[in-house]
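Taking it in order: structure first as structure tokens, then the write-up.
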Protein chains: 2
Amino acid sequence: MASHAPFSTKDRILGAAEELFAQHGFTGTSLRQVTSRAEVNIAAVNYHFGSKENLVNEVFRRRMDEMSAQRLAELEAAVAGHPGQLEPILAAFVEPALALAQDRCGGAAFVRVIARAYAEKNDSLRKFLSDHYGHVLREFAKAIAKCLPDMSKEELYWRLDFLAGALTYAMADFGLIKRPTGTGEKAHRERAARELIRFSAAGFRS
Amino acid sequence: MASHAPFSTKDRILGAAEELFAQHGFTGTSLRQVTSRAEVNIAAVNYHFGSKENLVNEVFRRRMDEMSAQRLAELEAAVAGHPGQLEPILAAFVEPALALAQDRCGGAAFVRVIARAYAEKNDSLRKFLSDHYGHVLREFAKAIAKCLPDMSKEELYWRLDFLAGALTYAMADFGLIKRPTGTGEKAHRERAARELIRFSAAGFRS
DNA sequence: GTCTATAATCCGATAGAC
DNA sequence: GTCTATCGGATTATAGAC
């Protein structure tokens, strides 16, 4: 295929895989579905990625790197621009997930991919996550601790877990909230972020 | 097979399926793995359950019936014994899940199966759960609304979603909280419940 | 890099003997 | 209720032409 195409075969496979993985899970998605949606030949995925497992890893890494970088950048801006305030820190954690979730090309589905990764008690993926993205959580923990110096470290980590759980599930549309007809997806996600920041800020301060 | 066996073929299939679903997800688990672990013939699962989809539903029913009944009973007791108080209602929601999670007879695996259910976005299962257990959530919503009459219905449902997400996440030990060595599993779970009730109570009141 | 064709395996489900 | 045997189909992955 011409390498100057707007979306290369490789990128189209990644995009299609991301959408389908989010919709049907890793194991629930076949490479044939992926290549069919990407409109590439079935053999292309093995040529470009070697195996299905490696494709899964690449899909995951691509979005996770982006989101982590965004979270850290917004955290830095929050701490610099609103010193001592909790809500901007929580927003820096929540909003990049939101932004990714409403991104047009497959990002819409990514949060659910993350949720699945956490559910993989499989450990190799969990270890990968902890090794590569654990420092992001630690940065947030440090920033929140500065806002709320009376909270014990143990309590802080419990509450970060609660936030992560609520965020993951809400963003993935897992819950019973039905988006009212007429409300756009973007407005729905922004509402979710606003509500979650308020809910968890109160929780952290309790 | 002898019907007086301590664990019938049917129960062994349910138990094996539960463990494997928790570990590998629904689509990631084959009926052959299930029947192999249960040490029954591959044909038995279709004889007893009809289909894989129905087996998934029955794995849920076995635990959810009991947990839902317990939640409703504790909710009734909470409303009667502590009228107008929010925390007992939240405890009635959280603690039966906790009890299930620390039940040594497979309950712990089931908690992770719940997380899988959300993560895999299995529509037929979601419908099954909504049809059979949706009324439990509605009862809790009504009880909380009476405690906090100023909160809009929309806001209430958002916050219930946050609670459910945080609960599922925490109960399945997905988070970064490591149980300190020396702390028993029971104490760890009770701590989780206490922290979550406090966190979410503040969130609901915000 | 992209294709066709196919190997090798695994899947869920069922028929039919016992 | 439990078994063997098998059907029809889908899966990942690869070999080899272009």
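Remember, it's a predicted structure, so these values are computed and weren't measured experimentally. Below, read A as the first sequence line, B as the second, and so on, with proteins coming before strands; counting in each chain starts at 1.
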[X] vs [Y] aromatic rings, parallel, tilted or perpendicular, using cut-offs 30° and 60°?
X: A:Phe199; Y: B:Phe162; result: tilted
X: A:Phe140; Y: A:Phe93; result: perpendicular
X: B:Phe128; Y: B:Tyr133; result: perpendicular

Tell me, do A:Leu55 and A:Phe21 make a side-chain contact under 4.5 Å, heavy atoms counted?
yes
Check whether any side-chain heavy atom of B:Leu75 sits under 4.5 Å from a side-chain heavy atom of B:Val136, and report yes or no.
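Heavy-atom side-chain distance check fails, nothing below 4.5 Å.
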Counting the atoms with a prime plus P, OP1 and OP2 as sugar-phosphate, which does B:Thr35 contact under 4.0 Å by heavy atoms, base, sugar-phosphate, or nothing?
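The residue B:Thr35 makes no contact with any strand.
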Quick one: [X] [atom1] to [N] [atom2], roughly how many Å, whole number?
X: B:Ile13; N: D:dG1; atom1: CD1; atom2: P; answer: 12 Å
X: B:Leu20; N: C:dG12; atom1: CG; atom2: P; answer: 12 Å
X: B:Asp11; N: D:dG1; atom1: CG; atom2: P; answer: 12 Å

side-chain hydrogen bond (donor to acceptor under 3.5 Å, both in side chains) partners of residues 39-60 of chain B, not counting sequence neighbours, each pair once:
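Sorted result for residues 39-60 of chain B: B:Glu53-B:Ser124, B:Glu58-B:Arg61.
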Please determine whether a side-chain nitrogen or oxygen atom of B:Ser30 lies at a distance below 4.0 Å from atom OP1 or OP2 of C:dC11.
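Answer is yes, contact under 4.0 Å.
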What string of B, S and - do you get for nucleotides 13-18 of chain C, 5' to 3', when a contact is any protein heavy atom under 4.0 Å?
BB----
